[in-house]
Amino acid sequence: MTRDKRKPTIEDVLELSGIELLHPGGFDITRRIGEIVEMKGKKVLDVSCGRGILPAYYAKNFGARIVGVDLSPEMIRSSVARAKREGVESQTEFKVANSLDLPFEDCSFDLAVNECAVGLTPDPQKCLDEMARVTKPGGYVVIHESTWLKEMGQPEKADIARRLGTVPYTLAEWKGMMASAGLTDLWAEDWSAPENAAKIRPDRKVKNANDLFSLWEMLSSILPRLIFKYGITSIGHIYESMGKVYPLYLNGTLGYFLLRGQKP
Ligand SMILES: C[S@@+](CC[C@H](N)C(=O)[O-])C[C@H]1O[C@@H](n2cnc3c(N)ncnc32)[C@H](O)[C@@H]1O
């Protein structure tokens with residue numbers, strides 16, 4: 001995906017807003033992952049762990065031992081601070097690392113999870129290959145990602161991907177990439193219902209895109225940060241992007257899937 005660095009993506013705005021959970025489905029999809037992989041007591045790699053809210057959740061609710069990696073040093077600092085705050089330091093470890101070149105030996109983890117950060121890399125197949133490589137035989141690789149439910153022309157798809165900051169694929173394409181990574185027994189669950197998108201803010205009632213942030217959050221932090229980083233015109237660009245992308249989730253063009261594969 002080529003992008004214009006002066007135009008923030010929706011992903012950029014979510015990250016600079018400082019909200020802690022950065023994926024549709026909120027804690028519900030995270031809990032579901034813990035259940036479908038029988039995570040209790042396992043050694044887990046959380047690839048692109050963001051602000052560390054998920055490793056803390058897995059450690060507390062499933063007694064898992066988690067290594068979280070993220071490309072952003074700022075995200076890793078947040079993750080370490082959160083683990084301390086939540087009293088799960090002894091179960092967690094964090095590292096700055098690129099999901100396209102994971103700094104671990106083959107077969108190091110019982111399972112590898114990536115919540116909403118495969119499609120945003122320049123090479124999703126390589127990311128899945130790396131996750132499969134570091135997983136032990138018999139272990140699972142789990143992802144959840146934006147997924148095309150209806151066909152659209154290639155230029156329109158590319159425009160939406162640029163605005164979102166991640167590239168959606170069809171379910172068949174996601175499964176194809178997991179199979180190419182050597183994973184078998186592929187399983188998928190549909191999380192496309194629009195109310196799942198709202199769960200990205202478990203702390204707020206979100207009925208539509210305008211409810212995602214409060215007026216106070218917009219005025220006190222998001223708009224100043226956007227203008228500082230991308231300039232005043234970025235605000236119009238983001239409103240235009242929300243206006244183009246959000247309806248696609250409501251009209252069933254764009255969805256969201258949880259996928260699991262097993263390393264033979
Ligand atoms: C949508 S957020 C998801 C964060 C977290 N998994 C969550 O669901 O809250 C995407 C995350 O991927 C990270 N990221 C982007 N490219 C990456 C890469 N190549 N390797 C590792 N992390 C990456 C970003 O820094 C960001 O924290």
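Numbering of ligands and ligand atoms starts at 1, following listing order. Numbering starts at 1 and runs along the sequence shown. Keep in mind that what you see is a predicted model, and the values were worked out from it rather than measured.
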Checklist entry - Backbone or side chain, does any N or O of H23 fall under 3.5 Å from an N or O of ligand 1? => result yes
Next on the checklist: Below 4.0 Å, non-hydrogen atoms only: which portion of I53 touches ligand 1? Side chain, backbone, both or neither.
Outcome noted: neither
Item to check | Protein heavy-atom partner closest to atom 9 (O) of ligand 1 - residue, atom, separation in Å | outcome: L22 N, 2.8 Å
Next on the checklist: Considering S48, A117, S99 one by one, which has a heavy atom nearer to atom 4 (C) of ligand 1 than any of the others?
Outcome noted: S48
Item to check | Identity and distance of the protein heavy atom lying nearest atom 26 (C) of ligand 1 | outcome: E15 OE2, 3.4 Å
Checklist entry - Is there a heavy atom of R51 sitting under 4.0 angstrom from any atom of ligand 1? => result no
Item to check | M75 N/O to ligand 1 N/O under 3.5 Å | outcome: no
Checklist entry - Mind checking whether D46 has an N or O less than 3.5 Å away from an N or O of ligand 1? => result no
Checklist entry - Is the shortest distance from a Lys or Arg side-chain nitrogen in K157 or E151 to a carboxylate oxygen in the other one below 4.0 Å? => result yes
Checklist entry - Got a salt bridge between K126 and D129, using NZ or NE/NH1/NH2 to carboxylate O under 4.0 Å? => result no
Next on the checklist: Show me which atoms of ligand 1 lie under 4.0 Å from any heavy atom of L120.
Outcome noted: 10 (C), 15 (C), 16 (N)
Checklist entry - Which ligand 1 atoms does S72 reach within 4.0 Å, using its non-hydrogen atoms? => result 25 (O)
Checklist entry - Is the Y169-W174 ring centre distance short of 6.0 angstrom? => result yes
Checklist entry - Who passes ring-ring contact (aromatic ring centres under 6.0 Å, His included) against F109, sequence neighbours left out? => result F104
Checklist entry - Between C127 and ligand 1, which part of the residue brings a heavy atom under 4.0 Å of the ligand: side chain, backbone, both or neither? => result neither
Checklist entry - How about H144 and F257: are their ring centres within less than 6.0 Å of each other? => result no
Checklist outcome for this item: Here the gap from E145 atom CD to E115 atom CD, rounded to the nearest 0.5 Å, amounts to 10.5 Å
Item to check | Proximal candidate to atom 11 (C) of ligand 1 [heavy atom criterion; set T166, L100, D70, V96] | outcome: D70
Next on the checklist: Would E11 count as a polar contact of ligand 1, with the cut-off being nitrogen or oxygen pairs under 3.5 Å?
Outcome noted: no
Checklist entry - Are there more than 12 heavy atoms of other residues, nucleotides or ligands under 6.0 Å from atom CD of E20? => result yes
Checklist entry - Which atoms of ligand 1 are found less than 4.0 Å from any heavy atom of C116? => result 1 (C)
Item to check | Side-chain ion pair, E93 and R65, N-O less than 4.0 Å | outcome: no
Checklist outcome for this item: Here the atoms of ligand 1 under 4.0 Å from any heavy atom belonging to E115 are 3 (C), 5 (C), 6 (N), 8 (O)
Checklist entry - In ligand 1, which numbered atoms sit nearer than 4.0 Å to a non-hydrogen atom of A97? => result 20 (N), 21 (C)
Ignoring hydrogens and angles, write down the donor-acceptor pairs under 3.5 Å from the side chains of residues 33-44, residues two or more places apart or on other chains.
unit_1: K42; atom_1: NZ; unit_2: V37; atom_2: O; d: 3.2
unit_1: K42; atom_1: NZ; unit_2: E38; atom_2: O; d: 2.8
unit_1: K43; atom_1: NZ; unit_2: S108; atom_2: O; d: 3.4

Checklist outcome for this item: Within 4.0 Å of some non-hydrogen atom of N98, the atoms of ligand 1 are 18 (C), 19 (N), 20 (N)
Next on the checklist: Tell me if the CZ atom of F27 is crowded by more than 12 foreign heavy atoms within 6.0 Å.
Outcome noted: yes
Checklist entry - Counting both backbone and side chain atoms, is some N or O of L71 under 3.5 Å from an N or O of ligand 1? => result yes
Checklist entry - Between R51 and E74, does at least one N-O distance fall below 4.0 Å, as a salt bridge requires? => result yes
